[in-house]
Amino acid sequence: MTLPAPASQRIAPPTAPVLVARLTEALWLTPDGEIDRVRPEEAARRVAARAPLLVHMPATARRLGRGPFVAYDLLELFAFVHPARFCLPTPRGVIQAVGLPAPADAEGEVLGLLQATQRLLAALGDPARRPDADIARIAWTMTRAGWSWGPAVLAALGRSPSEMPASQGGAGL
């Protein structure tokens, strides 16, 4: 019998830029670790080319002056990991809700969102914090439906999208 890899080895956050949009500027953290301060128009162009990690996609889209776009919305991941816990729908709110200190500035927010992502995915991989036996089935169903967080959530659970049972349907929902 093969033991599953430790949770820290299974965490596979998406390789995506991080976006925090303000009214007059946006901060874009590249996967290489560079923070760019850009105008909302430039951020809107970038999100069309690559799905970013962010908090509250509808509000972010409004700040960028565009319609909805594909993104890794941390509010969705937070709700999946902590379905009955309240969280302010802001970068600072998510960061604090996962137990990290409040960021001092916008740069701290973009970096804090990466740490929040790691914490949320690590919580999924911790057997002591995973009481719902149907969580993998729910994650598979949501992945099959196109949920952007699906592959990362399944990886944190020690599963793979290729293992998804074909006959599962909407089991777990």
Side-chain angles (χ1 to χ4, degrees), residues 1-21 29 31 46-62 66-100 109-173:
M1 177 175 142
T2 304
L3 294 174
S8 61
Q9 293 177 3
R10 292 193 308 254
I11 296 174
T15 304
V18 179
L19 172 63
V20 173
L29 174 64
R46 290 183 183 193
V47 301
R50 185 152 191 208
L53 188 150
L54 51 76
V55 173
H56 203 307
M57 192 279 298
T60 301
R62 281 192 302 276
R66 58 162 292 146
F69 54 91
V70 177
Y72 296 94
D73 193 333
L74 270 170
L75 285 179
E76 293 176 6
L77 182 61
F78 184 89
F80 185 83
V81 176
H82 302 295
R85 190 184 298 174
F86 175 76
C87 169
L88 286 175
T90 64
R92 181 179 296 264
V94 171
I95 291 166
Q96 290 182 297
V98 299
L100 294 168
E109 286 184 9
V110 293
L111 296 171
L113 292 180
L114 282 179
Q115 292 177 304
T117 302
Q118 288 285 347
R119 283 215 178 172
L120 289 166
L121 292 172
L124 285 173
D126 181 359
R129 298 185 67 186
R130 206 174 351 131
D132 187 352
D134 288 331
I135 197 164
R137 286 191 293 254
I138 294 168
W140 273 322
T141 300
M142 292 174 70
T143 300
R144 190 176 290 117
W147 187 38
S148 60
W149 284 107
V153 165
L154 288 172
L157 293 170
R159 310 293 170 84
S160 166
S162 63
E163 298 171 1
M164 282 194 284
S167 62
Q168 186 123 16
L173 294 181

Please table the atom pairs, donor to acceptor, closer than 3.5 Å between any side-chain atom in residues 90-97 and protein atoms at least two apart or in another chain.
unit_1: T90; atom_1: OG1; unit_2: G93; atom_2: N; d: 2.8
unit_1: R92; atom_1: NH1; unit_2: P103; atom_2: O; d: 3.0
unit_1: R92; atom_1: NH2; unit_2: P103; atom_2: O; d: 2.9

Under 3.5 Å, which donor-acceptor pairs link side chains of residues 146-155 to any protein atom two or more places apart or in another chain?
unit_1: W147; atom_1: NE1; unit_2: E76; atom_2: OE1; d: 2.9
unit_1: S148; atom_1: OG; unit_2: A71; atom_2: O; d: 3.0
unit_1: W149; atom_1: NE1; unit_2: D73; atom_2: O; d: 2.9

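Listed here is the closest heavy atom pair of P31 and R50: CG-NH1, 3.5 Å. Of all heavy-atom pairs spanning L157 and A136, the tightest one is CD1-CA, 3.9 Å. Here the closest non-hydrogen pair linking L53 and T117 is CD1-OG1, 3.4 Å. Between C87 and F78, the shortest heavy-atom contact is CB-CE2, 3.4 Å.
In this structure the side chain of L75 reaches within 4.5 angstrom of the side chain of P89, judged on heavy atoms. Using a 4.5 Å cut-off on side-chain heavy atoms (C-beta onward), R46 and P17 make no contact. Under the 4.5 Å side-chain criterion, counting only non-hydrogen atoms from C-beta, F80 is in contact with I135.
Expressed to the nearest 0.5 Å, how far CG of L121 lies from CZ of R119 amounts to 13.0 Å. For the atom pair CG of L113 and CG of L100, the computed distance is 9.5 Å after rounding to the nearest 0.5 Å. To the nearest 0.5 Å, atoms OG1 (T60) and CG (L54) are separated by 4.5 Å.
Judged by distance alone, the side chain of H56 and the main-chain N or O of A59 form a donor-acceptor pair under 3.5 Å. A donor-acceptor pair under 3.5 Å is absent between the side-chain atoms of R66 and the main chain of A61, judged by distance alone.
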